[in-house]
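Following: one structure in structure tokens, then a few remarks.
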Amino acid sequence: MQLRLYDTLTREKRPFTPLDPENVRMYVCGPTVYDFAHIGNARPVIVFDVLFRLLRHLYGADHVTYVRNITDVDDKINERAARDFPGLPLNQAIRKVTEVTEKQFHEDVDALGCLRPTIEPRATEHIAEMRTLIEKLVAGGFAYVAEDHVLFSPQAMNAANSVLPRYGALANRSLDEMIAGARVDVAPYKRDATDFVLWKPAKPGEPSWPSPSGIKSEGRPGWHIECSAMAWKHLGEQFDIHGGGIDLVFPHHENELAQSCCAFHSGRMANTWMHNGFLQVEGDKMSKSLGNFVTIRELLQTDKFGGRNWSGAALRLAMFKTHYRQPIDWTVQSLIEAEQVMAHWKMLVSRVPIAQIKILPTQKLERVLLDDLNVSESLSELHDLARIAQKDASARDRLYANLVFLGLLPDQLELAKQGAAEIQHEIKLPEHPDATTLEVFRPKIEKSLERFFLTLPSSANTTATTTTASVILTGEVRYVFLDNWTKYNPYYLSQPDRAHVENTIGIEKLNNLIRERLNARARKDFKGSDRIRDELAAKGFVLKDGKDPATGEPTTTWEIAR
RNA sequence: GGCCACGUGGCGGAGUGGUGACGCAGCGCUCUGCAAAAGCGCGCACCCCGGUUCAAUUCCGGGCGUGGCCUCCA
């Protein structure tokens with residue numbers, strides 16, 4: 001089966017054929033970095049992360065280039081810089097704002113299980129490309145200089161009558177409609193109401209660069225041109241996929257397309273234009289004035305939304321419930337369900353022999369993803385597998401692989417390897433230790449592992465000649481107990497939940513008490529067992545007893561009481 | 001005003017020209033020292049009115065309703 005994607009430009013699902021299968025190229029409009037990203041910003045990041053993962057699967061991880069820009073030149077950034085760092089020169093203040101915001105953004109989307117794009121270019125590092133594009137447009141007669149501005153003329157584009165697309169084709173509207181519907185005041189230097197700014201003079205104190213097209217005074221770019229420039233620089237004149245939120249269709253993408261196609265005399269910028277639907281909060285448009293504005297950070301770390309914090313995996317799963325092109329209603333109820341389902345799935349896959357599993361989607365998962373990323377339908381595959389996972393270890397393993405593939409769980413083997421590498425380095429263990437050496441180091445290793453929150457196979461699952469340490473260090477991890485967390489999977493437990501553990505009891509003590517209670521239960525010492533349950537309950541932990549489906553061995557998991 | 005989506009069981013939400021995904025909630029049962037999980041089973045929906053068709057929730061037309069874009073916005 002072939003990948004089919006819905007293209008906004010042609011308004012149909014089309015088979016996807018890359019221009020170059022050796023280098024599949026995708027551009028997604030990233031954040032303007034002036035404040036914490038809100039949950040609406042998270043949607044395209046997650047949607048196109050899934051597409052990125054799928055493309056890597058189809059064409060190979062080294063054959064996909066995913067560019068997501070960082071817009072660091074913008075009026076809002078300037079305002080924020082002046083407000084937050086009044087003592088600093090503006091340019092320095094701006095750098096502070098953009099650096100801090102970019103770091104926050106990365107932390108947030110990491111927590112949502114998103115891979116980093118291949119390239120994250122910054123607008124300010126592409127001013128030269130912007131100037132080049134602008135000069136090409138002026139030379140081609142698509143743009144003109146007026147009062148130190150450079151303006152793009154959609155009329156000129158349509159008059160050119162060549163291979164160029166019609167201006168308005170993407171947004172499906174005509175120039176006449178736009179003129180009729182124009183609500184903006186038309187600046188006197190514009191020849192037509194629909195002309196838009198490519199370059200504008202900088203006001204005193206604003207960041208500025210040498211202007212193109214013979215303009216003497218310094219200036220700064222208009223909105224839209226930065227994406228044309230960065231896409232060109234990193235993906236070429238034409239590329240495969242251009243994505244973003246549906247609200248970007250007009251004017252942002254329409255104008256990008258116009259600029260790029262006119263600059264290169266091309267009929268296409270991206271072959272496929274993809275747009276995710278809008279996000280609403282409890283049925284209303286999210287806006288600061290309605291007071292329902294919520295950031296990713298607030299969801300992860302505060303109780304602002306629904307009176308509690310949420311794990312990154314649950315936020316991601318909640319996004320998956322609605323097809324990416326549909327509007328999504330962001331509700332507390334939906335997050336409660338997602339959190340519950342994630343807990344169930346994690347319990348099911350807690351004893352997967354991760355070293356033996358290839359992270360590949362099942363056929364059904366692949367099939368539904370190939371059909372325009374039908375992630376919501378893929379959930380029925382996950383639930384099907386979960387239903388039989390209890391009895392069928394291969395279904396359990398496939399469930400695990402699917403969860404990792406979709407980014408709902410981190411790859412436990414990778415985490416274990418990272419942890420092992422750190423430990424090895426830390427305690428100065430030889431690179432390929434023999435069994436005797438490992439025995440000598442064993443207490444140290446186990447202590448370090450505790451600190452990294454990696455839980456090892458129980459002794460029943462290791463042979464006499466294989467120490468727990470060698471199991472980790474040779475990468476042959478059989479089990480990772482997901483009801484703990486690791487240092488490396490920040491989207492498993494949320495920050496406040498982790499802090500709760502640290503502040504109340506500490507992970508080491510918690511694990512010890514659970515082990516102690518399991519022993520007590522084995523002795524039928526139910527008084528002792530209940531004492532431990534009560535002790536932990538008083539600290540806010542709910543214990544749940546179960547059985548390992550394979551071995552019948554009793555297990556206990558915990559969660560934080562809500 | 002122009003353009004565009006959407007309307008599925010108590011709730012969320014896929015999908016389809018002809019035996020109705022899936023999840024949550026609910027009900028019944030099983031298992032379990034306790035508690036909670038977990039397992040099994042049940043519900044029989046597609047806004048209204050026309051049309052096309054042997055057959056429409058699915059296609060077409062109209063209506064009603066909700067939302068979005070046209071202005072910074074993912």
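We name chains A, B, ... by the order of the sequence lines, and we start the count at 1 in each one.
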- Please determine, for the side chain of Ser376(A), which listed nucleotide (rA14(B), rC69(B), rA74(B)) has the closest atom? rA14(B)
- Message: OP1 or OP2 of rA74(B) versus the side-chain N and O atoms of Asn276(A): is any pair under 4.0 Å?
- Response: no
- For rG1(B) versus rU57(B), give the span between their P atoms, rounded off to a whole number of Å. 32 Å
- Message: Side-chain N or O of Asn374(A) versus OP1/OP2 of rG15(B): is the shortest distance under 4.0 Å?
- Response: yes
- Check whether the aromatic ring of Phe278(A) stacks on the base of rG67(B), taking stacking as ring centres less than 5.5 Å apart and planes within 30° of each other. no
- Message: Any side-chain N or O of Lys285(A) below 4.0 angstrom from OP1/OP2 of rA74(B)?
- Response: no
- Using the P atom in both, what is the distance from rU66(B) to rC73(B), to the nearest Å? 28 Å
- Query: What pairs with Asn271(A) under side-chain contact (heavy atoms from CB on, under 4.5 Å), at least two apart in sequence or on another chain?
  - Reply: Leu19(A), Gln238(A), Arg268(A)
- Quick one: does NZ or CZ of Arg4(A) land under 6.0 Å from the six-membered ring centre of Phe16(A), within 45 degrees of the ring axis? no
- Task: Decide yes or no, distance alone: a donor-acceptor N/O pair under 3.5 angstrom between the base of rC72(B) and the side-chain of Asp75(A).
- Result: no
- Gln326(A) vs rG68(B): side-chain N/O to OP1/OP2 distance below 4.0 Å: no
- Message: Looking at the base of rG33(B), is there any donor atom on it, or on the side chain of Asp530(A), that sits under 3.5 Å from an acceptor on the other one?
- Response: yes
- Query: Should stems be defined as at least three consecutive Watson-Crick or G-U pairs with both distances under 3.5 angstrom, which of them involve RNA chain B?
  - Reply: B:1-7 with B:64-70, B:10-12 with B:22-24, B:26-30 with B:38-42, B:47-51 with B:59-63
